[in-house]
**Q** 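The structure is given below, and queries will be raised subsequently.
The shown structure was predicted, so the numbers you read here are calculated from the model rather than taken from an experiment. In listed order, ligands and their atoms are each counted from 1.
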Amino acid sequence: MPELRQNFVTKEWVIIATERAKRPEEMAVHRPIKPIAAHLGSCPFCRGNEDKTPPEILRLRGPRQGEWSVRVIPNKFAALARDVQPERTIRRSHRTINGFGVHDVIVETPDHSQIMALMSDAQVSDILRVYNAWYCELSLDPRIAHITIFKNHGADAGTSLEHPHSQLVATPVISWQVRQRFHEALRHYDEYGECIFCQTLEEELSEGVRVVSATEHFVALQLFASPTPFCTHIYPRRHMASVGDASEGEISDVRRLLRSILGKLYHVLENPYFNYTIRTAPAECVGVKYFHWYMSVIPRLTRVAGFELGSGMFINTVLPEAAAEFLRNVKVEDAIATSAT
Ligand SMILES: [Zn+2]
Ligand SMILES: [Zn+2]
């Protein structure tokens with residue numbers, strides 16, 4: 001029997017289509033892996049082409065003298081403009097704010113050919129450290145209401161530039177989709193006196209069937225009402241509303257888990273296109289007891305079509321419990337060694 005399952009925060013329903021369920025291994029993309037050059041003269045993000053980007057905002061030094069490891073630069077084709085004051089206008093039913101906002105690119109490595117799933121621990125650590133630092137810095141800007149950090153890997157995930165990079169967009173408003181999560185989490189907190197994420201995490205750890213892997217400070221799992229196959233969430237065990245609250249030790253711990261999840265997905269799904277995003281408290285909600293930050297890794301294996309657009313409901317053809325078991329059994333260090341040969 002197919003089953004409808006409800007997301008614990010958003011309350012959205014998902015159809016788990018067990019009738020046409022696929023085995024997890026059937027989701028592999030089988031895209032030929034083409035060799036990628038380590039350096040491209042035409043790529044603005046490559047080592048040596050730093051003058052082809054807008055002036056750099058932040059740089060993390062690399063292990064070798066004069067080299068960088070991670071850079072933050074303004075997006076040349078920014079969706080928003082950072083040098084204006086946000087001003088609201090309300091004219092009858094029409095509400096607008098001028099296009100204030102920040103749209104930055106985090107260049108994850110000087111090496112064009114790197115793939116995050118195969119990067120060194122130190123490199124992934126550097127990337128996460130830059131997210132954390134830049135998030136904390138921008139959160140202090142009173143014009144900013146919300147910050148989204150995300151990565152698009154591959155054409156189907158929305159990237160046009162091959163060089164490994166992620167992005168940060170800071171907006172003067174909080175979207176309805178984010179607000180709705182906050183409302184639901186706050187409602188739960190008012191009713192039960194505890195964080196809905198902490199509670200669900202405890203339940204998931206005791207059931208264990210959807211947990212993929214866990215470290216000292218973080219847990220990676222498949223959602224009970226997972227909207228898409230292999231959609232993986234990574235939660236801190238300690239209650240923290242914002243990614244800016246993570247300590248240095250926690251950052252190096254989550255780096256291990258993120259790298260392991262990306263490595264598992266890379267191996268079993270054969271370098272799938274994916275997005276990840278960090279869902280964290282808006283600047284106005286720093287330190288709240290009812291929201292809990294997390295990372296969401298979403299392999300792009302299926303397309304959003306008419307039903308999803310029309311109903312807001314997703315159909316998932318892979319059982320989350322089967323996906324979790326499948327990923328648990330991939331020994332990532334072995335897997336990465338095999339795929340590199
Ligand atoms: Zn490049
Ligand atoms: Zn919590």
**Q** Looking at H239, pick out the N, O or S atom nearest to the Zn ion (ligand 2) and give its name.
**A**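 That would be atom ND1.
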**Q** Taking the six-membered ring of F224, is the NZ or CZ of R5 close enough (under 6.0 Å from the centre) and on axis enough (within 45°)?
**A**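 Relative to the ring axis of F224, which defines the angle, R5 lies inside both limits.
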**Q** Taking only residues two or more places apart in sequence or in another chain, which ones pass salt bridge (Lys or Arg N to Asp or Glu O under 4.0 Å) with R64?
**A**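 R64: salt bridge (Lys or Arg N to Asp or Glu O under 4.0 Å) contacts with E67.
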**Q** Distance alone, cut at 3.5 Å: any donor-acceptor contact between the side chains of E250 and S247?
**A**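 Indeed, the side chains of E250 and S247 share at least one donor-acceptor pair under 3.5 Å.
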**Q** Does the side chain of E50 come under 3.5 Å of the side chain of W68 through a donor N or O and an acceptor N or O?
**A**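 Indeed, the side chains of E50 and W68 share at least one donor-acceptor pair under 3.5 Å.
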**Q** Check H292 and report its N/O/S atom nearest to the Zn ion (ligand 2), by atom name.
**A**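 For H292, the N/O/S atom sitting closest to the Zn ion (ligand 2) is ND1.
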**Q** Report the residue from V243, I149, V9, V178 that forms a side-chain contact (heavy atoms from CB on, under 4.5 Å) with R279.
**A**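 For R279, the side-chain contact (heavy atoms from CB on, under 4.5 Å) check succeeds only for V178.
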**Q** Under 4.5 Å between any side-chain heavy atoms of P172 and R143, yes or no?
**A**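 The answer is no, as the side chains (C-beta and beyond) never meet within the 4.5 Å cut-off.
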**Q** Please report, to 10°, the angle around the Zn ion (ligand 2) from atom SG (C198) across to atom SG (C195).
**A**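 Approximately 110° at the metal, rounded to tens of degrees.
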**Q** For the Zn ion (ligand 1), check which protein N, O or S atoms are under 2.8 Å away and list them.
**A**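 Those protein N, O or S atoms (cut-off: under 2.8 Å from the Zn ion (ligand 1)) are C43 SG, C46 SG, H112 ND1, H163 ND1.
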**Q** Can you classify the ring geometry of H233 versus Y235 as parallel (below 30°), tilted (30 to 60°) or perpendicular (above 60°)?
**A**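 Because their plane-to-plane angle is over 60°, the rings of H233 and Y235 count as perpendicular.
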